[in-house]
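The structure under discussion appears below in the form of structure tokens.
The figures here come from the full heavy-atom set of this structure, side chains too, leaving out hydrogens, waters and symmetry mates. Model, not experiment: these values are computed from the prediction. Each chain gets a letter, A, B and so on, in the order its sequence line appears, and its residues count up from 1.
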Amino acid sequence: MIRYAYLIPFLPLSSFFVNIAVGKRLPRKGDWLSLATIAACLLMSIGIFYEVFRAYDPNFRYHVVVPWLSVGNRFVIDAGILIDNVTAVMLLVVTIVSTLVHLFSIGYMHGDPRYNRFFAYLSIFSFSMLGLVLSESLFFIYIFWELVGLSSYLLIGFWFEKKSAADAGKKAFIVNRVGDFGFLIGILIIFSTCGVLGYDQVFQAIGQGKLSGTLLTLAGIGVFCGAIGKSAQFPLHVWLPDAMEGPTPVSALIHAATMVAAGVYLVGRVYPIFTPDALLFIAYVGLITLFIAATIAVTQNDIKRVLAYSTVSQLGYMVMGLGVGGYTAGLAHLATHAAFKACLFLGSGSVIHAVHSQDIREMGALRRKMPITFVTFLIATLAISGVPFFSGFYSKDMILAAALEFGMKHPQHMIFFLGGLFTAGLTAFYMFRLVILTFFGKPVDHHKFDHAHESPPSMWVPLVVLAALCFSFWYSGWFGTLIRKPASAANPAAVSSPAPAVPAERGLAPMEHAAVPAPSPSREPAPAEPGHGQAPSHGTSVAGEASHAAGPSAHGESLAEAGHEAHLAHQAHAYAMYSSVTVGALGILLAFVVYFFGWIDPARVANAVKPLYEFLLNKWYFDELYEATVIEGSKAFSRFLAWFDLNVVDGLVNLAARLGVFLSFLVGKFDNYVVDGAVNGVATVTISSGSVLRRLQTGKLYHYVFVLAGGALIIFIIRAF
Amino acid sequence: MFLGNLGSLRYFLPEIAVTATILLLVVLHVASNRRTSAAPALLSLLGVGTAILLVGVSPAGGGKSIFEGMAAYDGFAVFFKGLTSLATVVVILMSMDSTELAGRSQAEYYIFLLATLLGMFLLSSATDIVMVYLSLELVSIPSYLLAGYLKGKEDSVEAAMKYVVYGATASGVMIYGFSLLFGLTGSTQIAEIGRSLVAGKATLPMLLAAVMAAVGFGYKIAAVPFHMWSPDVYEGAPTPATAFFSIGPKAAGFAVLVRFYYTVFASPTPGTGIWHLTTSVDWPLLFAVLSALTMTVGNLVAVKQNNVKRLLAYSSIAHAGYMLMGFVLLSSAGIEAILFYLVVYLFMNLGAFYVVVLVGNGTKGEDIADFSGLGSRAPFAAVSLAVFLFALTGIPPFSGFIGKLYLFAEVIHRGVYWLAVVAALNSVVSLYYYARIVKVMFLEEPKDTAALPVPAVTRAMLVLLVAPTLILGVYWEPVARIASNSVKMLAF
Amino acid sequence: MTLDKFLVVAAALFCCGLYTVMTRRNAVAVLMGVELILNAANINFVAFSHFLSRVMGGQIFAVFVIVLAAAEAAVALAIFLRLFATTGTVEVDTADQLKG
Amino acid sequence: MGFIDNHILSLMTFLPVLGAAAILCVPRGKDDVIRWIAAAASFLPLVLSVKLLYAFDRSVAGVNVAGQFQFVEHYSWIPSINVEYFLGADGISMPMLILTALLSFLAVIGSFGIEKKVKGYMALFLLLETGMMGVFASLDFFLFYVFWEVMLLPMYFLIGIWGGPRKEYAAIKFFLYTLAGSVLMLLVLLALYFNTTNPETGGHTFNLLHYMAQSTHNGWLKGFDVRILLFLGLFIGFAIKVPLFPFHTWLPDAHVEAPTAISVILAGVLLKMGTYGLMRISFPIFPDVTRWFAVPMAVIGVINIVYGALCAMAQSDLKKMVAYSSVSHMGFVMLGMAALTPTGMVGGAMQMFSHGLITAMLFFLVGVVYDRAHHRQIDGFGGLGAVVPVYTAFVSFAFFASLGLPGLSGFIAEQMVFLGSFDVFRTIVVIAALGIIFVAAFHLWALQRVFLGPLNPKYAALEEINAREVFCLAPLGIIVMYIGVWPMPVISLMNSSLVHLVDLVKAVI
């Protein structure tokens with residue numbers, strides 16, 4: 001199966017082309033085509049996952065490249081795919097969510113005038129996202145990075161007649177471009193020092209010391225900037241809530257489960273290039289994000305916006321998790337989050353579909369009308385709130401554990417754990433606030449309530465599937481084993497052994513083999529086995545295990561120390577688990593106290609801390625700040641430049657013309673023709689001097705003779721003396 | 001080495017043909033009552049045609065001094081004779097077309113025209129200052145009459161008055177300079193004068209003589225600051241006469257300028273094609289400055305003109321400036337460039353005037369505004385005029401570019417970069433006013449949309465003028481060869 | 001009588017002529033100025049011929065100049081007449097239609 | 001067949017002008033006949049260019065090696081001053097020849113809607129095509145110069161007669177600017193001529209390859225200072241054409257006033273002549289000065305990028321915006337070339353090719369809406385996406401191509417420029433990369449104001465793009481996408497030449 005992996009992105013791409021071109025004329029407007037292709041992708045992904053899972057090798061790699069672009073003999077960029085365990089998991093996540101969203105959309109988008117276009121866009125998104133997951137170099141991930149941005153733009157602005165939707169699409173694209181600017185700089189730094197862009201080649205080059213120190217940190221932060229944009233991290237998180245203008249399935253697929261997680265995936269993919277400083281930067285960005293977003297989520301009343309901010313907050317968790325060294329934790333949260341957040345979003349879509357409103361203050365008691373939606377939504381909420389036995393508990397707990405462990409080693413950075421813990425409570429609170437206001441209590445708007453009904457099966461089946469994936473048993477066990485933190489490439493100890501990464505096979509036709517890089521110094525380089533992709537080497541797992549839980553500073557330390565680390569990690573895990581369960585419970589409790597039992601009136605609380613409430617309600621005024629500074633600033637600057645261009649640069653020659661005016665004034669022949677600024681400047685000078693000169697031609701004969709004689713005299717005098 | 005009078009006649013056939021034609025015209029004028037018939041024009045065509053033929057078949061070998069040293073028979077003179085008579089043919093045809101001249105006495109007009117031509121023949125071959133003065137006056141005096149030929153038209157008479165006074169003064173100054181030269185050397189033969197001056201240092205009288213001679217020649221080629229008569233005269237004179245002035249006397253002026261200065265104040269370094277100054281009178285620098293001034297003033301003032309004839313007058317001043325560049329370089333390639341330029345200038349300038357005559361016939365006006373919409377009223381004439389104007393600007397693939405190329409090339413080759421830059425910038429300026437005419441012809445909607453009739457003969461003439469302008473822009477080797485052969489000048 | 005004296009007279013005459021041309025308004029007077037210039041040259045020719053060279057070139061030249069001056073004057077006067085007929089005046093500075 | 005093979009470049013160059021001559025013989029009023037003759041006369045070079053593409057040997061460099069030029073036609077033209085008729089193609093000129101053939105043909109098709117003085121229009125257009133082809137095929141500087149200037153006249157008339165409201169101003173401005181640049185070039189041309197001799201004949205020469213052969217001699221052209229002067233003279237001449245800041249102000253006027261097809265040619269082909277000239281003439285003849293001037297060139301390039309993008313953002317006229325976006329994109333070419341690395345150079349050349357296609361699409365598209373709405377004010381539309389979906393799709397495609405979306409050719413070019421030049425100019429490239437944000441911003445902003453949001457009821461009945469217009473756009477779009485996905489066919493076309501060029505520029509002491 002894996003040998004056909006390169007086909008995966010092309011299936012949705014073909015359906016994109018068909019749907020965009022002739023979709024309107026196809027039966028059912030081509031929705032089946034998109035669904036079929038993505039389902040095929042799902043099947044292939046399952047196949048691949050099965051192969052990977054069967055191998056059960058933390059170092060599994062399948063790497064194929066074909067030459068794509070070359071200039072001279074030094075500049076070479078290859079196209080290819082790289083499948084390791086992370087990829088396999090990610091493929092599965094993407095295809096599952098995508099398939100379910102396709103299915104859900106059939107019902108949700110029913111009757112839309114641009115139905116076929118919607119499925120075409122979903123297909124191009126699936127293509128881009130799968131390409132992003134499979135790409136084996138920074139260059140290609142950047143390509144697909146932009147392409148998912150495009151599909152996001154198209155889908156957010158799908159209902160472009162709404163100005164807010166069109167605005168949101170534009171905002172998303174441009175904000176992402178800001179992040180991509182950093183990404184590009186990161187790529188450029190790496191390329192200019194290492195001369196390669198394939199992940200393996202880059203790690204190898206960094207290991208050889210071609211790029212190190214501050215520049216490496218900068219490169220890491222640059223690449224991470226891409227993630228800041230795509231994963232809506234502070235300070236570029238502003239686009240994601242606005243992106244909710246898109247159809248809800250899109251929000252679920254792109255802006256909750258997959259595309260926004262691409263940033264996290266990117267960080268995971270290039271993890272070895274991050275220096276400890278870069279990781280610390282990443283962790284802080286994650287922390288700030290998760291906190292800010294959660295505080296905002298508490299006050300929002302739009303069901304999708306609450307979910308959007310919760311997405312931002314959860315992405316912050318993932319990023320922070322990666323930043324503090326919880327590699328596995330961050331990626332695990334990515335996977336679990338994809339399921340429960342997609343479930344939440346699709347659930348919200350089901351609700352919106354039913355009541356035609358997004359304001360939770362107009363809902364209430366919907367559990368009676370929409371039991372399936374309610375149950376699935378509740379399960380997902382339990383998952384996100386970190387209730388034990390649900391997937392969110394499993395992964396968030398790992399993140400908090402990693403943060404605590406990091407804090408134990410570096411007490412000055414304990415804030416990661418504390419902030420994360422506090423926000424976990426906050427998350428539970430606002431999520432249950434949402435559930436209670438939506439599904440419990442009494443109907444607020446009877447008209448809407450009466451209209452509400454359970455969604456058709458095409459919509460609730462995906463909900464059920466996703467809800468089923470919200471339980472933790474799906475993930476526990478294999479996840480931590482298969483997905484291991486890679487060694488930092490910059491750590492000299494990790495690369496003191498000859499770099500064993502086997503260069504990928506080249507050829508015009510995709511060739512394959514399993515390359516097994518060394519995760520630890522103790523390992524012998526494995527001979528390249530040009531054969532089938534699943535070449536397990538279990539012997540490596542011991543050493544791999546040892547470095548698994550280690551913090552960023554722990555690489556390359558002795559096994560004894562590794563044992564100590566393991567102990568520390570275990571301890572941290574326990575603490576984190578207890579405290580997170582406690583805090584989560586408190587949050588849920590508070591939500592019930594306030595919104596279910598009504599013992600505390602939220603309006604009064606809000607009034608009591610009005611400035612804070614306003615501040616949060618207005619999302620910390622980020623949009624206003626950006627609007628006032630960056631956007632207005634650049635617009636004003638561009639207007640200035642346009643003015644400058646029209647008046648100064650074009651006028652540079654005009655300036656000469658002004659000089660000409662002055663000169664002609666000096667000779668007493670001021671000529672207002674010159675002032676005509678519209679005329680090209682050089683011509684103006686010419687004309688003005690021409691008109692001065694022509695005044696000499698008075699028509700009076702004796703002037704002519706005078707000039708003749710005078711001219712001759714002057715010539716004579718000049719020549720004579 | 002000097003051929004006697006009788007022996008010289010063999011080398012004087014074109015002049016004789018022209019003289020005979022003039023005499024015949026006088027007879028015709030006296031004998032015929034029909035003063036406006038086409039006979040004089042046809043007769044002059046015949047005469048000039050014969051002259052061209054005689055120039056063409058004139059005995060080879062060159063390098064003869066005829067009439068006891070008064071004139072030279074050399075490639076240089078032959079070239080100018082051919083050039084000026086060619087110009088005269090075109091002008092005669094143009095005059096036949098012009099309604100300005102219709103109804104006026106024809107024979108007199110052509111007598112003056114041919115007399116001027118005779119003067120130009122002599123001027124381009126004169127090797128004695130007496131001869132120079134004589135032929136200069138022979139060119140000038142009929143020109144005055146041509147300028148004032150439109151009896152009753154105030155402009156024309158005013159032009160003639162200015163022309164005659166200015167011309168007489170300029171030639172007076174020149175003759176005074178000649179008298180000083182004669183005093184310094186005791187000879188009237190320019191070769192002799194040159195030899196006598198070789199040893200001498202630059203005395204004040206010598207300088208004075210050089211400058212005063214420059215006044216006379218400068219007036220003839222209309223170089224700044226001796227150009228001021230030309231715009232007024234060009235505007236006032238009948239258009240065919242203006243066309244004639246802008247090429248014929250100017251070319252002859254260049255001929256005598258080159259011959260005089262190169263013989264008197266310089267001498268060739270054998271085998272190199274390079275001249276060196278024999279006296280310390282640094283006239284090349286002087287004329288380089290005049291050249292820059294001339295082209296700049298001509299172009300700048302032209303920009304502001306609204307009368308096409310006047311505009312072309314200034315443009316011809318500017319072109320004299322370009323040609324002067326070749327004069328200052330003391331190299332045969334420089335002179336070659338002038339000769340080449342004169343050939344292409346002949347076609348493009350006369351062509352432009354031809355269309356002006358055509359439009360003047362149709363609209364009775366010569367303002368730029370009268371050309372508006374010509375592109376649709378008379379497309380062929382308009383396209384031809386555009387070709388001529390762009391050729392005058394010096395844009396490939398028209399011949400004017402090649403002419404400029406030769407001039408620029410030699411200037412750069414001799415290292416006078418500043419002059420090259422000035423000239424280059426001037427070309428850009430010139431585009432502006434030439435394009436103004438093109439603009440009104442093609443880009444503006446005409447006030448009057450009636451088609452302008454273009455007679456078949458005129459059309460044929462325009463073709464005959466456009467063709468060389470185009471062909472010489474693409475393949476000019478033969479003309480270049482003729483020019484380089486014609487540089488061989490008598491110098492003894 | 002030395003050459004110098006002739007030359008000084010000629011130079012003075014030349015200047016007078018030029019001055020006349022530049023300042024007089026009446027066309028006929030201007031023409032007279034031109035004649036002065038030509039005659040200044042003539043004096044030079046004859047004087048040089050007499051004092052410096054034994055050839056007759058100078059004198060001959062002077063004769064030519066005189067002849068041509070006459071011709072020129074004839075043409076000029078004819079033109080002035082025409083001017084008078086058209087504009088009613090022979091003032092050169094009123095004839096300034098053509099300018100610029 | 002042999003004749004065609006031996007004279008393929010000449011045929012490509014002169015077939016259009018033959019077509020123009022044929023058109024002049026067609027009687028007035030038979031506009032359709034004229035149109036089809038013009039289409040045929042521009043289609044034949046396109047066919048030949050395909051033949052050229054297949055016959056071209058990609059492995060040899062050309063540039064300064066006489067023997068490695070292909071399709072060479074070498075005759076003496078004016079023996080007395082050694083002007084030669086010398087045509088040939090290498091990797092530098094190949095993409096441009098193909099681009100010219102393609103865009104010319106499409107522009108003729110795109111001009112079928114012209115009703116005013118069809119005869120003159122088509123004849124001038126074909127003359128223009130001859131000029132363009134000639135520039136890209138010439139290897140003799142004199143010949144190059146003649147073709148270079150030959151383009152001016154038709155361009156002047158095409159803008160001046162068939163242009164918009166301020167056509168006269170725009171036409172003369174274009175003409176004067178360009179002529180000013182080319183007279184400088186003429187002076188340099190002559191200086192080169194007199195300082196170089198043909199080793200075979202000993203006479204002076206206009207042959208570019210002979211200049212390049214001299215370029216390694218330190219004492220050539222009286223030393224480095226003179227070479228700097230000559231280089232700058234040429235540079236300004238080319239910079240006006242590109243156009244580089246601050247010589248770019250003719251461009252917005254000319255582009256805006258020109259009729260659609262002429263804007264396409266202006267932006268698609270004429271702008272490339274400036275950078276082509278630098279590659280073909282300036283760089284190999286003055287390698288040492290090129291290195292000396294690399295940083296200023298990069299700075300100018302980056303100013304173009306950022307400045308052009310910002311100016312574009314401020315425009316209210318759609319066409320003017322596109323025009324300024326050309327300024328921005330040509331900055332990438334300059335930046336890539338200035339880096340003097342193979343990647344940067346290929347990136348720059350790639351950008352020339354790609355921008356030619358993309359900007360042609362953009363101008364065609366602006367023309368489509370202008371034909372229907374008779375104005376181009378960005379704020380005067382709104383919500384057109386609902387009325388004209390196909391048109392909207394084309395515009396979106398072109399805009400995304402223009403802002404450098406991966407998968408389309410502009411992206412490849414920009415990235416190669418970045419990757420190739422970052423090593424050399426770090427800060428400059430960072431600023432240039434900042435430009436991509438602005439580029440995205442103004443494209444999307446315009447897209448939104450014109451096509452998205454609530455529909456402006458004035459345009460509820462706007463006509464959808466028609467088949468002829470799609471015929472003009474589709475080939476461009478397909479090529480843009482093809483190159484974006486699989487750029488090697490184009491890169492390999494110029495690879496060896498440009499690598500050789502970089503070696504040449506870098507190698508000299």
Problem set entry | Taking every non-hydrogen atom, the tightest pair across D/L419 and A/I187 | CD2-CG2, 4.4 Å

For this session: Over all heavy atoms of both residues, which pair between D/P487 and A/L69 is shortest? Give the atoms and the distance, please.
Result: CG-CD1, 3.8 Å

Seminar exercise, completed: Bottom line for D/F451: the part with an atom under 4.5 Å from chain A's heavy atoms is backbone

Seminar exercise, completed: Counting heavy-atom pairs under 4.5 angstrom with chain A, the leader among D/L455, D/L447, D/V499, D/T343 is D/T343

For this session: Compare all side-chain heavy atoms of A/D180 with those of D/I436 and state whether any distance is below 4.5 angstrom.
Result: no

Exercise. To the nearest 0.5 Å, what is the distance between CZ (A/F173) and CD (D/Q448)?
Worked result: 14.0 Å

Problem set entry | Portion of A/Y153 that has a non-hydrogen atom of chain D nearer than 4.5 angstrom | side chain

Exercise. Quick one: what part of D/L403 sits under 4.5 Å from any heavy atom of chain A, side chain, backbone, both or neither?
Worked result: both

For this session: Can you measure from CZ (D/F438) to CD1 (A/I174) and round to the nearest 0.5 angstrom?
Result: 10.5 Å

Exercise. Do other residues, nucleotides or ligands put more than 12 heavy atoms under 6.0 Å from the NZ atom of A/K163?
Worked result: no

Seminar exercise, completed: Looking only at A/K170, A/K162, A/R117, A/E146, most heavy-atom pairs under 4.5 Å shared with chain D are made by A/K170

Exercise. Side chain, backbone, both or neither: which part of D/F411 has a non-hydrogen atom closer than 4.5 Å to chain A?
Worked result: side chain

Problem set entry | Per-residue contact mode, D/I172 against chain A (heavy atom under 4.5 angstrom) | neither

Exercise. Are any side-chain N or O atoms of A/W68 and backbone N or O atoms of D/V485, one a donor and one an acceptor, separated by less than 3.5 Å?
Worked result: yes

Exercise. With only heavy atoms counted, which part of A/N176 is less than 4.5 Å from chain D, the side chain, the backbone, both or neither?
Worked result: neither

Exercise. Which atoms form the tightest heavy-atom contact between D/D423 and A/S192, and what is the distance?
Worked result: OD1-CB, 2.9 Å

Problem set entry | Pick from A/T193, A/I185, A/L150 with the largest number of heavy-atom pairs that fall under 4.5 Å of chain D | A/L150

For this session: Considering only heavy atoms and a distance below 4.5 Å, find which of D/H500, D/M345, D/M416 pairs most often with chain A.
Result: D/M416

For this session: Pick one of side chain, backbone, both or neither for A/L184, based on which atoms fall under 4.5 Å of a heavy atom in chain D.
Result: side chain

Problem set entry | Any donor-acceptor pair under 3.5 Å from A/R177 side chain to D/A441 backbone | no

Exercise. Between D/V346 and chain A, which part of the residue has a heavy atom less than 4.5 Å away: side chain, backbone, both or neither?
Worked result: side chain

For this session: Return the minimal non-hydrogen interatomic distance between A/A166 and D/G453, and the atom names on each side.
Result: CB-N, 4.2 Å

For this session: Taking all heavy atoms of A/L188 and all of D/F422, pick out the closest pair and write down the distance.
Result: O-CD2, 3.3 Å

Exercise. Side chain, backbone, both or neither: which part of D/I491 has a non-hydrogen atom closer than 4.5 Å to chain A?
Worked result: side chain

Problem set entry | A/I189 portion near chain D, given a 4.5 angstrom heavy-atom threshold | both

For this session: Mind checking the CD1-CD1 spacing from A/I143 to D/I412? Nearest 0.5 Å is all I need.
Result: 5.5 Å

Exercise. Between A/S70 and chain D, which part of the residue has a heavy atom less than 4.5 Å away: side chain, backbone, both or neither?
Worked result: both

